[in-house]
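Nothing here was measured: the structure is a model prediction, and the numbers come from that model.
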Amino acid sequence: MTSAKGGFEGRVALVTGGAGSVGAHIVRSLAEAGATVVLNCFHSYDVAKALAAELGGGVRVIRASVAKQDQVRRMFDEVTSVYGRLDLLVNNAAAGTFAGWDELTEEHLDQAYETNVKGALWCARAARPLLAASDAGCVVNVSSVGATYAPANYLPVGLSKAALEALTRYLAAEFAPDGIRVNTASAGLLDNPVGRMFPGFASMSANAVAATPMGRLATPADLANLVLLLASPGAAWVTGQTVVADGGMSLHRAALSPAPAPVPEPASAPPVERIQDADRIRDVDPIAVVGMGLVVPGAGDPDAFWRLLNEGADLFVDVPPDRWPVASFHDDDPRTPDKTYQRRSGFITGFTPHPALAAERPDAGLDHTTLWLRHSVHQALEGVARRDSDRFTACFGYTPDGSQHLQEALVDRELGGPGVLPHGDAARSRPFPHRVGAGAIDGLLPADTRLLMVDTACSSSLYAIDLGLRDLLADRAEIAVCGGAFALAPGGSVLFSKLHGLSRGGEVRALDRGADGVLFSDGAGVVVLKRLSRALADGDTVHGLVAGVGLSADGKGKAIYAPSSAGQELAIARAFEKSGVAAGEVDWVIAHATGTPAGDEAEFLSLRAAYAGTRPVRVTSNKSLIGHTGWAAGVVSVIHALLGLRHGVIPAQHRFSAAPDAFGLESCNLSVPTRPVPWPPRPDGPRTAAVSGFGFGGTNAHLLVQEFRPGQPAKAGYGARNGEPMVIVGWSAHVPGAEDNEQVGAWARGRQLLPDSFGDGYPHPPFARLRLPASTIRATDRTQLMIIECMQRLEPRIREFCARHSRTTGVVVGHTGPTRNAVLYAVRAYLDELDHLAHERAGELRERVTGLIAQPDEDSFPGEMPNVIAARLCGYFDLRGLNIAVDGGAASLADAFDLAGRYLDFGDVDVALVAGSNGNSLASWGELLGGGPIGEGTFLFAVTRKSLALAEGLPVLAEVSVEAAAEERLEATA
């Protein structure tokens, strides 16, 4: 018979789970035998790359989970595009849990079956056309001893491996007409890291050795040699067979011989352990929260927040006199232009800064949000171990619309100079949104800390956490400081009242049938993240684990501001899919629930669908107590969940009497607790809570928070990195005076002059092209209209490409500062206050501004929001991947490419539409930035993975690396 290593020269083989102990032996043996090897892995990417580097150019690494069909398709698309053929598929990827009979759960069975059986099936099906074209197409499935025997604590894996052997027979019969052989290789108990994780391995291995005439356990090399033997030309007449190399255990010689002396078992059984194979589905070194800090109305730190959650308080008050004169912005009649009908909100009053912050003299020019965010960073870093070599990333959710300080600075400059309004002199603080985060970390984190300011409206701080953990997972940082900040401003209150979304009763009653709207509040919050292994090595306090995050965009809906249950369900489903957490493992959902009847109903219905089952799930919202802290709301709820884990209690829902009938509480397993609920440790797994954040424009996030218990395996997952370069496959631009990309190119090369601005009146396209109501267009900022125009200017095949991948197409927009409409609406809101101050230019300013923009209506608030630039594109073209805006000042477009690369790298999106946009050339904004004209325009780039571009036959215009984007950012901010 031909040698096991003969006949592989020039062959192309794919080995799933190729970085594990058995997989690595198979990969090494094939490479040494002359084969070109595609090494598939899921989590052990660095191990796989090291093995590939050791073996040379004949080994290519592709990261994908075989349990996910979309990732399997992507993997085989890459094999097709790179090699155009495949001769051998080795289904070696494995997952499972060692669990005793009484510990067995449905999740244990599902986890093993998804990878060990379904994964093998998906890979075989995808490989069939390639194998059929080979003259020696072959599949070898790798099984284990548990398929034939019944080892203790091995039922989930044993059942799935038995099913895999049955699958082998069906595949052999199905694939035979194509000349493809299918067999199974199996072995006895292996002496490897996975085998040694068997409970009671010492006594079990002794029994196995005693039962084996060969007198030893199998090694990974033994099983690898069997795989190669079945794949070799010498086994050309073997198909549909399971070959078991058990060293003669099946001879039962020991059973028919005198029994050896028994080996004593351990006194107590060890805890359930997850198989730690290299292709394990879930991450065994998850992201840990090691620090937290916040300030919200009524609480200046997490401990005070916990007392507040349990004791309650009435925190909604009239606007404090030191913030703004309420009479200039309020009118009880909701129809009054440029006025809000609500005087009350949640304000941070009596603020006591962190002692270290107090020593820094925070009164020296810091605006509210920088002050509160810096206070929270100080708190969160307390007790967190740091090393000189540590790399940091800082991600904060914040609105480019800015704060009261920024609005008043702009109004002052519209009047010709600073000094009229209390916060109009921005010369000291320069409260630009992209500088708020820099001011919060200045001197607290290293100067080279990677800083991102992200905007997805009310879900912003959850996206910030997600981006921070990506840098940890990608080994770009050891510590991530993530959160968000928000400060009330009169302009926002005026605009939101025109949506009739503010509570008329002056309080928030989230999830309650008496809910009549939301009240916004000041707030800031920060969490510090590390890998769990690093946190434990450092001796940090582990407050909890981030088990997974699901993101989505609503796509097309009734209106840009209308909540979508479908979009929210998609985010929840993605969180479950990534993390491996099942709905039945979640005890508590801290809902977004803002107290708007339509929003709460849409969210509760999405929770009903996603969490349907028999296990009780409690649903609460902290907005009834502290109000809606806007861009900080998500991280505040994460801290809420972590405090519940610490104290073992789910606090009661405040201001709750009865749920709306539409919730259907009586017919589901969800409930709203009216008193504190004990939350003791669960015997069947870690306690888990979920946090939702749903922003205007359909920017959805669902984050899973899990307890950490030493000795109990974590369950976490964040998506598989693919390590591919991203490529630009199309671009377009919309700038003043240019009708097409050719004219834009001529302008960029200095061959054609174009105006800086579209002027006071942006040229609205006809309805047949834009298909938006005229009233909506009038209230919509030009940046939102410009990006739609850019999409329409893309080549048809690029638009079709995005449409085919609509569920996995995301939009990332770089935009700095407030939009043009945001500035003009803010000025309108201040007109009566300027009249009250009897400013000499108040009348002139009123005439000019009211001529530039009409009085606000229900379309105005979403129409001016910077994050809705991205959301508008998703809504108009029904894209459901995600949408996000980033404000990095002059580096905003570089930041957008950087973020897009991270989403593509982790498989969240297949296509990213990356844009840089500016429509605000108002003199006040230019003066605040330092003078000089500001150009208007939007540039849009269609970006995807290189393998997908090649598979789709799209032009590769350029490669863009995440590292290059980061370097571009440094140059832009230098």
Answer whether the closest heavy-atom distance between the side chains of Ser552 and Arg574 falls below 4.5 Å. yes

Side chains of Asp466 and Leu551: closer than 4.5 Å at any heavy-atom pair? yes

I'd like to know if the side chain of Lys161 reaches the main chain of Val142, judged simply by a donor and an acceptor atom lying under 3.5 Å from each other, with no hydrogens or angles considered. yes

Should Leu223 and His25 be marked as a side-chain contact (heavy atoms from CB on, under 4.5 Å) after you check the CA-CA gap, both sets of side-chain angles, and the distance that decides it? CA-CA 9 Å; Leu223 183 52; His25 276 84; over 6 Å; no

Are side-chain heavy atoms of Val289 and Leu545 found at a separation under 4.5 Å? no

Is the side chain of Glu9 donor-acceptor paired with the backbone N or O of Ala35 at a distance under 3.5 Å, no angle test? no

Start with the C-alpha gap between Asn92 and Thr16, add the side-chain angles, then the distance that decides, and say whether side-chain hydrogen bond (donor to acceptor under 3.5 Å, both in side chains) holds. CA-CA 5 Å; Asn92 174 67; Thr16 69; 5.7 Å; no

Answer yes or no: is there an ion pair linking Lys715 with Glu585, defined by an N-O contact shorter than 4.0 Å? yes

With sequence neighbours left out, what residues match Glu174 under side chain to side chain contact (heavy atoms under 4.5 Å, CB included)? Arg128

Under the side chain to side chain contact (heavy atoms under 4.5 Å, CB included) test, residues paired with Ala136 that sit two or more places apart: Arg11, Ser134

Do Gln241 and Leu230 have side chains that approach each other closer than 4.5 Å (heavy atoms only, starting at C-beta)? no

Within the 4.5 Å heavy-atom criterion, are Val549 and Lys578 side-chain neighbours or not? no

Determine the minimum heavy-atom distance between Ser81 and Glu78, stating which atoms define it. OG-O, 3.0 Å

Quick check for you: to the nearest 0.5 Å, what is the distance between Leu228 atom CG and Glu32 atom CD? 10.0 Å

Does any non-hydrogen side-chain atom of Leu86 lie less than 4.5 Å from one of Phe76? yes

Would you check, one step at a time, whether the test side-chain hydrogen bond (donor to acceptor under 3.5 Å, both in side chains) holds for Asp285 with Ser533? CA-CA 6 Å; Asp285 190 13; Ser533 59; 2.7 Å; yes

When you look at Asp587 and Arg687, which way does the salt bridge (charged side-chain N to carboxylate O under 4.0 Å, His left out) test go after all the steps? CA-CA 7 Å; Asp587 306 301; Arg687 292 173 296 162; over 6 Å; no

Output for pair (Leu14 CG, Tyr83 OH), nearest 0.5 Å, gives 9.5 Å

All side-chain hydrogen bond (donor to acceptor under 3.5 Å, both in side chains) counterparts of Thr688, not counting sequence neighbours: none

Quick check: does any side chain N or O of Asp540 sit under 3.5 Å from a backbone N or O of Val542, one acting as donor and the other as acceptor? no

Would you say Asp178's side chain and Ile180's backbone share a donor-acceptor pair under 3.5 angstrom? no

Testing the basics here: between Ala231 and Cys138, what is the closest heavy-atom pair and its distance to 0.1 Å? CA-SG, 3.8 Å

With sequence neighbours left out, what residues match Arg63 under salt bridge (charged side-chain N to carboxylate O under 4.0 Å, His left out)? none

Have Gln69 and Arg125 got a donor and an acceptor in their side chains that come within less than 3.5 Å? yes

Centroid-centroid distance, Tyr611 to Phe576, less than 6.0 Å: yes

Quick one, Arg60 and Val37 - any side-chain contact, counting heavy atoms below 4.5 Å? no

Taking atom types as modelled and ignoring hydrogens, do the side chains of Ser579 and Tyr718 form a donor-acceptor contact shorter than 3.5 angstrom? no

Quick one: is the NZ or CZ of Arg470 closer than 6.0 Å to the six-membered ring centre of Phe906, and within 45° of its axis? yes

Taking atom CZ as the centre, does Arg709 end up with more than 12 heavy-atom neighbours from other residues, nucleotides or ligands that are less than 6.0 angstrom away? yes

Side chains of Asn669 and Thr614: is there a donor and an acceptor less than 3.5 Å apart? no

Rounding to 0.5 Å, atoms CG (Leu703) and CD1 (Ile572) come to a distance of 12.5 Å

Evaluation steps, side-chain contact (heavy atoms from CB on, under 4.5 Å), between Leu472 and Leu529: CA-CA 8 Å; Leu472 299 180; Leu529 309 178; 3.7 Å; yes

Checking Asp222 now: which residues fulfil side-chain hydrogen bond (donor to acceptor under 3.5 Å, both in side chains) with it, not counting sequence neighbours? Arg216, Thr219

Neighbour count >12 (heavy atoms, 6.0 Å) for atom CZ, Phe708: yes

Got a second to check how far Ile62's CD1 is from Asn40's CG, nearest 0.5 Å? 7.5 Å

Candidate pair Val182 and Arg169, rule side-chain contact (heavy atoms from CB on, under 4.5 Å), full reasoning: CA-CA 8 Å; Val182 185; Arg169 294 188 287 275; over 6 Å; no

Residue pair Glu707 / Gly685: nearest heavy atoms and the distance that separates them: OE2-O, 4.3 Å

Would you check, one step at a time, whether the test side-chain contact (heavy atoms from CB on, under 4.5 Å) holds for Cys41 with Val61? CA-CA 8 Å; Cys41 67; Val61 179; 4.2 Å; yes

Side chains of Leu130 and Val79 in contact at under 4.5 Å (non-hydrogen atoms): yes

So among Val145, Asn116, Leu109, which one has a side-chain contact (heavy atoms from CB on, under 4.5 Å) with Val157? Asn116

All heavy atoms of Asp87 vs all of Gly10, minimum pair found to be OD2-O, 4.4 Å

Minimal heavy-atom distance between His543 and Leu645, with the atoms involved, is O-CD1, 4.3 Å

Give the minimum heavy-atom separation between Ala124 and Leu171, together with the two atoms involved. CB-CD1, 3.9 Å

Find the distance between CZ (Arg73) and CH2 (Trp122) and round it off to the nearest 0.5 Å. 10.0 Å

Let me know which of Val38, Leu88, Ile26 forms a side-chain contact (heavy atoms from CB on, under 4.5 Å) with Val15. Ile26

By side chain to side chain contact (heavy atoms under 4.5 Å, CB included) - contacts of Leu55 (at least two apart): Val27, Arg28, Ala31, Leu51, Val59

Give the C-alpha distance, both sets of side-chain angles, the deciding distance and a yes or no for side-chain hydrogen bond (donor to acceptor under 3.5 Å, both in side chains) between Arg682 and Gln712. CA-CA 11 Å; Arg682 291 173 58 163; Gln712 183 181 68; over 6 Å; no

Nearest 0.5 Å please: distance from the CG atom of Asn183 over to the OG atom of Ser143. 12.5 Å

